Amino acid sequence: MASPEAFPDIRAALDVQRRAFTAAGSVPAATRRQRLQRVIDMLVANADAFAAAMQADFGHRPAVFSIANDVLGALGSLKHARDHLETWMGDDARPSVAPFDNFGATAWVRYQPKGVVGIIGTWNAPLFTLFSPLACVFAAGNRAVLKPSEVTPQTAALVAGLVGEHFAPDELAVITGGPDVAAEFSAQPWDHLVFTGSTGVGKQIMRAAAEHLVPLTLELGGKSPVLIGQTADIHNAAERIVVGKTLNSGQLCVAPDVVWVPAEKAEAFLAEAREIFEGMYPDVAHNPDVTAIVNEKHFARVEGYIDDALRRGARVETLGEAVEKDAANRRLPLRAVVNPPLDADISQFEIFGPAFVLRTYDELHDAVAQINAGARPLALYYFGADDTERNWVLDHTLSGGVSINDVTMHPALHDAPFGGIGASGMGHYHGREGFLAFSHARSVYSAGTHDPRREWGMLPPYSDNFAAMIRAAVTP
Ligand code: NAD
């Protein structure tokens with residue numbers, strides 16, 4: 001890790017915000033709404049510029065996807081927070097302590113901003129992973145410093161420039177840089193730190209945050225499974241899985257990674273998936289609707305998984321045009337790797353690209369047992385028309401979130417928490433739960449005007465009567 005002196009601007013950004021936060025005291029709803037509105041206005045006015053930056057960073061990324069996923073995705077969270085923060089932030093009256101409540105004692109929970117929140121984002125959704133958590137961070141009355149991913153440098157530079165134009169540095173600031181800057185960023189005494197990224201780096205973040213006991217939200221990844229039940233409509237399942245898996249060419253934290261299908265339906269599923277893919281993407285290498293793999297390193301990583309599976313004798317089905325592997329173009333068809341060995345790379349690592357593992361099962365219970373033997377995933381998907389089976393799956397698995405008879409949809413719920421569990425993360429943002437995550441729920445007790453303890457013999461020296469009264473209160 002570089003010395004703190006190497007990055008004085010990170011600490012300075014935090015300090016200037018903390019001073020302003022402390023000086024300001026309460027943060028009225030109007031201030032919170034106005035901050036959110038300025039982010040909204042910034043995104044709306046620059047949607048095309050952001051899409052162009054993401055296009056440049058990826059080599060190719062359809063503007064319609066960049067606007068839908070990153071701009072509209074973030075706007076949805078920001079607008080929901082803007083329109084609900086006033087109801088979220090009100091004091092919450094609670095029952096007071098007996099018997100003092102009979103003498104005017106009251107109690108409430110006050111939701112106070114924590115202070116200054118650091119937010120580290122990823123390249124795959126370079127606006128969403130910064131501005132969607134920021135919605136709840138601002139709604140809760142905090143200030144924030146953003147650290148965009150260095151893998152998408154043009155988007156990061158645009159975020160930094162525009163935030164500098166729209167915000168004073170004591171409200172919202174941006175620090176750009178690579179892993180060394182990110183490591184230093186994660187070692188600061190934030191009042192809360194939000195990290196979106198890989199599980200491996202997430203462990204380093206947690207170690208760094210421990211030094212100052214910084215509360216963390218970790219939005220990580222993993223191998224999100226799909227369970228196709230016997231009662232599922234195979235055409236529908238294949239269509240929704242291909243649609244979801246090809247968003248951003250599989251470079252999505254909630255992309256389906258392993259698809260479990262009844263053994264006798266595997267060939268039908270592959271045939272449907274191929275037809276659907278080819279209908280949506282008749283060609284691949286020069287198709288304007290196909291997102292490129294973000295860079296040569298990730299291109300080599302994904303193709304390495306495929307090559308490793310082939311070397312181990314696994315069947316690999318290419319859905320769509322078989323293209324020359326061109327590290328400069330990096331637009332690829334979807335690959336289905338059928339029942340690879342469990343120690344293959346593609347079985348072990350999050351694929352995060354245009355490929356999925358297809359596993360066949362005879363009994364759904366066995367598929368669930370294998371899912372449960374692995375790390376807890378960010379998303380889990382079930383396809384089927386059998387409500388009993390669906391509930392059994394929900395009761396016998398755990399994941400960050402779930403979509404039923406579809407994939408990748410639950411993160412779009414602006415009024416429901418989005419986050420992982422276990423190796424896929426901790427904490428969440430979106431909706432009231434996100435507001436609560438970035439607030440301190442502070443219990444307040446306010447005494448009444450009369451204290452009956454002395455006249456009721458409740459103070460030392462304790463009387464036998466009081467001792468008997470206390471004992472009598474010990475009831476089941
Ligand atoms: P990454 O972990 O490589 O990088 C994420 C961020 O961490 C970047 O800003 C980077 O600069 C920083 N970083 C890198 N090394 C660091 C270090 N040693 N210390 C501190 N910070 C460091 O992840 P990525 O490749 O950008 O994103 C892909 C991963 O993110 C996938 O696993 C995906 O599933 C996950 N993801 C999760 C969500 C979610 O909401 N749960 C959303 C998007 C992506």
Side-chain angles (χ1 to χ4, degrees), residues 1-2 7 10 57-58 69-70 73-74 77 118-134 136 145-153 155-156 159-160 174-188 190 193-211 214 216-224 247-257 293-295 297-299 301-302 348-353 375-379 399-401 408 410-413 417-430 434:
M1 190 186 294
F7 305 107
I10 303 177
D57 282 332
F58 276 78
N69 185 74
D70 279 273
S77 308
I119 304 178
I120 301 178
T122 59
W123 54 263
N124 72 307
L127 299 185
F128 182 84
T129 56
L130 296 175
F131 294 116
S132 194
L134 181 65
C136 290
V145 182
L146 311 177
K147 197 326 245 153
S149 169
E150 69 285 359
V151 176
T152 42
T155 313
V159 168
V174 180
I175 299 285
T176 54
D180 51 350
V181 171
E184 191 56 33
F185 191 96
S186 62
Q188 302 300 318
W190 304 105
L193 179 61
V194 183
F195 169 79
T196 304
S198 54
T199 300
V201 176
K203 291 179 186 174
Q204 298 181 45
I205 299 286
M206 199 162 181
R207 276 187 216 108
E211 181 61 24
V214 172
L216 275 180
T217 301
L218 294 178
E219 298 279 348
L220 310 177
K223 294 187 76 62
S224 296
L247 290 172
N248 215 25
S249 274
Q251 301 168 108
L252 218 58
C253 57
V254 288
D257 192 291
I293 306 300
V294 71
N295 59 25
K297 183 180 141 207
H298 282 282
F299 181 82
R301 180 184 58 78
V302 175
Q348 297 195 51
F349 303 115
E350 182 181 359
I351 301 169
F352 218 58
R376 285 178 175 159
L378 184 59
S399 64
T408 73
H410 59 276
L413 299 168
F418 173 55
I421 179 168
S424 60
M426 60 184 70
H428 36 244
Y429 51 83
H430 280 176

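One-based numbering, in listed order, for ligands and for the atoms of each. We use all heavy atoms of the structure for the numbers below, so side chains are in, but hydrogens, waters and symmetry mates are not. None of these values were measured; they are calculated from a predicted model.
With a 4.0 Å cut-off on non-hydrogen atoms, I205 touches ligand 1 through its side chain and not its backbone. Residue contacts with ligand 1, taken as heavy atom pairs separated by less than 4.0 Å, do not involve V254 at all. For T196, heavy-atom contacts with ligand 1 shorter than 4.0 Å involve the backbone as well as the side chain. Neither the backbone nor the side chain of L252 has any atom closer than 4.0 Å to an atom of ligand 1 (non-hydrogen atoms only). Residue T122 touches ligand 1 through backbone and side chain together, judged by heavy-atom distances below 4.0 Å. Using a 4.0 Å cut-off between heavy atoms, Q204 contacts ligand 1 through its side chain alone, with no backbone atom that close. With a heavy-atom cut-off of 4.0 Å, F185 does not touch ligand 1 at all.
Among protein heavy atoms, atom 15 (N) of ligand 1 sits closest to P179 CB, 3.6 Å. The shortest contact between atom 24 (P) of ligand 1 and any protein heavy atom is with W123 NE1, 3.4 Å. Ranking protein heavy atoms by distance to atom 12 (C) of ligand 1, first place goes to A182 CB, 3.6 Å. Protein heavy atom at the shortest distance from atom 7 (O) of ligand 1 is F195 CE1, 3.2 Å. Regarding atom 2 (O) of ligand 1, its nearest protein heavy-atom neighbour is S198 OG, 2.7 Å. The closest protein non-hydrogen atom to atom 8 (C) of ligand 1 is G121 O, 3.3 Å. Among protein heavy atoms, atom 35 (C) of ligand 1 sits closest to G197 O, 3.3 Å. With respect to atom 16 (C) of ligand 1, the closest heavy atom belonging to the protein is V201 CG1, 3.4 Å.
For ligand 1, the atoms lying closer than 4.0 Å to a non-hydrogen atom of N124 are 43 (C), 44 (C). Here is the list of ligand 1 atoms found below 4.0 Å of a heavy atom in I120: 6 (C), 7 (O), 9 (O). Per-residue contacts place S149 under 4.0 angstrom from the following atoms of ligand 1 (heavy atoms of the residue considered): 9 (O). Atom numbering of ligand 1 starts at 1 in the shown order; those under 4.0 Å from a heavy atom of A183 are 19 (N), 20 (C). The E219 neighbourhood of ligand 1 comprises atoms 37 (C), 38 (C), 39 (C), 40 (O), 41 (N), with distances under 4.0 Å to a heavy atom of that residue. Ligand 1 places these atoms under 4.0 Å from at least one heavy atom of F418: 40 (O). The contact set between ligand 1 and F352, taken as ligand atoms under 4.0 Å from a residue heavy atom, comprises 28 (C), 31 (C), 33 (C), 34 (O).
Residue-to-ligand polar distances place E150 within reach of ligand 1: an N/O pair is separated by less than 3.5 Å. Considering backbone and side-chain N/O atoms, E350 comes within less than 3.5 Å of an N/O atom of ligand 1. When only interatomic distances are considered, the shortest N/O to N/O separation between G178 and ligand 1 does not fall below 3.5 Å. Among the atoms of C253, none of the N or O lies under 3.5 angstrom from an N or O of ligand 1. Polar contact with ligand 1: absent for T129 (N/O pair, distance under 3.5 Å).
Below 30°, between 30° and 60°, or above 60°: for Y429 and F418 the angle between ring planes is above 60°, a perpendicular geometry.
Separating the CG atom in L220 from the CE atom in M426 is a distance of 7.5 Å, to the nearest 0.5 Å. Taken from CD in Q204 to OG in S198, the straight-line distance is 8.0 Å, to the nearest 0.5 Å. With rounding to the nearest 0.5 Å, the separation of OG1 in T196 from CZ in F128 is 8.5 Å. A distance of 13.5 Å separates NE2 in H298 from OG in S249, rounded to the nearest 0.5 Å. Going from atom CZ of F195 over to atom CD1 of I119 covers 13.5 Å, rounded to the nearest 0.5 Å. Atom CG in L193 sits 7.0 Å away from atom CZ in F185 (nearest 0.5 Å).
Under the 4.0 Å distance rule, the nearest protein heavy atom to atom 4 (O) of ligand 1 falls outside the cut-off.
A donor-acceptor contact shorter than 3.5 Å is absent between the side chain of T129 and the backbone of G121. Side-chain atoms of N295 never come within 3.5 Å of backbone atoms of V151 as a donor-acceptor pair (strictly under, hydrogens ignored). Not one N or O on the side chain of D257 forms a donor-acceptor pair closer than 3.5 Å with the backbone of S224. Side-chain atoms of K223 do not come within 3.5 Å of backbone N or O of Q348 as any donor-acceptor pair. Side chain of E211 to main chain of R207: no donor-acceptor pair is present (N/O by atom type, distance under 3.5 Å, no hydrogens or angles).
Within 6.0 Å of the CZ atom in R376, the count of heavy atoms belonging to other residues, nucleotides or ligands does not exceed 12.
No side-chain heavy atom of N69 sits less than 4.5 Å from a side-chain heavy atom of L247. The shortest side-chain heavy-atom distance between M206 and L216 falls under the 4.5 Å cut-off. Residues S424 and T199 form no side-chain contact, since every pair of their non-hydrogen atoms from C-beta on lies 4.5 Å or further apart. With a 4.5 Å cut-off on side-chain heavy atoms, T408 and P256 count as touching.
The shell of residues lying under 4.0 angstrom from ligand 1, judged by heavy atoms, excludes G425. The closest approach between a heavy atom of F128 and any atom of ligand 1 is not below 4.0 Å.
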